[in-house]
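These numbers were taken from a predicted model, which means no experiment stands behind them. FYI, the numbering just counts along the sequence from 1.
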Amino acid sequence: MDPLSALRDFTMRGDLDKIVRVGDEFRFGSDYSFPCAAETAYRSKQGNLYTLETLLFFVTHHHLKHTDYIQSARLHHLPTVTFIDRKPLLDYLQGKISSSDAIQLFPSSSSAVPSDVAMPDAAAAPAFSAELEGEAEEDAAAVDVMALIRAVERPLKDREAILECKNRDFYSVLVTSTRREEERQRIESQQRKDGLVAKSRLMGAEDRGLGFGEELGFGDSAIKPKLNLKGSKIGEGVPIILVPSAFQTLITIYNVKEFLEDGVFIPTDVKAKQMKGLKPDCITVQKKFSRDRVVTAYEVRDKPSALKSEDWDRVVAVFVLGKEWQFKDWPFKDHVEIFNRIIGFFMRFEDDSVESAKIVKQWNVKIISISKNKRHQDRAAALEVWEKLEDFVRSRSHS
């Protein structure tokens, strides 16, 4: 019987206490004896064969935590069983599994020598024993060096441990980086808005054959835009999109930028907390995910009462709340005139009841549905808004 089979047999029988070390060999009761450093047929995941003394020490100390087991093995100057080999090896030795892919079949040069069987040639016994011990010592030395190196290896830091620092708090780092990012976005947004407003005014001046000074009102021919509700063309300047100021609607001035520019819906209450309740009076949005070289900017506002008479000619779209009072004091006769001059959008969750859009269906508005949970579908909804808005603006500009 080979050392591994003998050790498994004694482990399953609960006779490990009958295995006694005498000198450089283990005696399994009165049945077998093996050299302590004899290689077994069990090969570790790292490639080396475990020795008998390694497996015997492991099976008698398997109840210890792996770190405690390694420290105990070092005190006894023994190689250790790796963590990934622990469970399959223990299951095999305890008989929970009948075989393992880690068991190597090879001619055994260190098979058990029954205690009641004499060597065939007494004169050759010393030479045989010396040869056997020499081979065992060489194999044990080769195994011990690599096993000891691997046993003392341990990861110093990983991506989780590096954050577990005593007396350290990374919250301040998060706050600082968030503030910097918000400030950077605010500056870029303001610069983009200022540049686009100036560009729009210059282009409008060129179309009317005015000079730069005349457009700004410095010349004799300064022309002040007037409200022309009877007309249908868009007024000069940056087009305006109106959104409700109430939190009951899905799109507000808090989250409209992320939805239209990035194609991501963020609930208003979440975005308001991120902005710490600082509500902007006006923001600028662009169609970022567009292949067009010329991208039009739009102003988004939520206070129609603050619009001047000339501003109403620039209003091209409105996100409706579905309530009549939203259009109170608007300079239009009725809903028919409003939605002939301004394209309307109603945002809803796709699983909302039909009643939520009952009034809206009576108006000439576009109903846009989004999912409550599937955020990857928001981009398609945002693209639908842009497509209908751009088609409407083109038709109104050429009418």
Between side-chain atoms of residues 5-12 and protein atoms elsewhere (two or more places apart, or another chain), which donor-acceptor pairs fall under 3.5 Å?
residue, atom, partner, partner atom, Å
S5, OG, D2, OD1, 2.6
S5, OG, D2, OD2, 3.4
R8, NE, Y92, O, 2.6
R8, NH2, I97, O, 2.9
D9, OD2, R13, NH1, 2.6
T11, OG1, L7, O, 2.7

Only pairs under 3.5 Å count here: list side-chain donor-acceptor contacts from residues 58-65, not counting sequence neighbours, and write none if there are none.
residue, atom, partner, partner atom, Å
T60, OG1, L56, O, 2.9
T60, OG1, F57, O, 3.0
H61, ND1, F57, O, 2.8
H62, ND1, V59, O, 2.9

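A donor-acceptor contact shorter than 3.5 Å links the side chain of K257 to the backbone of T284. A donor-acceptor distance shorter than 3.5 angstrom exists from the side chain of R21 to the backbone of G23, with no hydrogens or angles considered. Not a single donor-acceptor pair under 3.5 Å links the side chain of E39 to the backbone N or O of L49. Proximity of a side-chain donor or acceptor of N340 to a complementary backbone N or O of E337 within less than 3.5 Å is not detected. Put simply, the side chain of D85 never gets that close to the backbone of Y42: no donor and acceptor are under 3.5 Å apart. Proximity of a side-chain donor or acceptor of N255 to a complementary backbone N or O of K271 within less than 3.5 Å is not detected. Under a 3.5 Å cut-off, the side chain of Y32 and the backbone N or O of F26 do not form any donor-acceptor pair. Although no hydrogens or angles enter the test, the distance criterion places no donor-acceptor pair under 3.5 Å between the side chain of D313 and the main chain of E310.
Scored by the side-chain contact (heavy atoms from CB on, under 4.5 Å) test, L75 finds no partners at all (sequence neighbours excluded). Considering only residues two or more places apart in sequence or on other chains, R180 meets the side-chain contact (heavy atoms from CB on, under 4.5 Å) condition with T176. With sequence neighbours excluded, no residue satisfies salt bridge (Lys or Arg N to Asp or Glu O under 4.0 Å) with R86.
W312 has its ring centre less than 6.0 Å from the ring centre of F332. Remark: aromatic rings of F327 and F339 are close, center separation under 6.0 Å.
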Checklist entry - Hey, mind stepping through E181 and R184 against salt bridge (charged side-chain N to carboxylate O under 4.0 Å, His left out) and telling me if it holds? => result CA-CA 5 Å; E181 179 64 19; R184 183 187 66 80; 2.4 Å; yes

Item to check | Test log, rule side-chain hydrogen bond (donor to acceptor under 3.5 Å, both in side chains), inputs T252 and T268 | outcome: CA-CA 7 Å; T252 63; T268 297; 3.1 Å; yes

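Sequence neighbours left out, the pairs with a member in residues 319-332 that pass side chain to side chain donor-acceptor pair (under 3.5 Å) are E324-H335.
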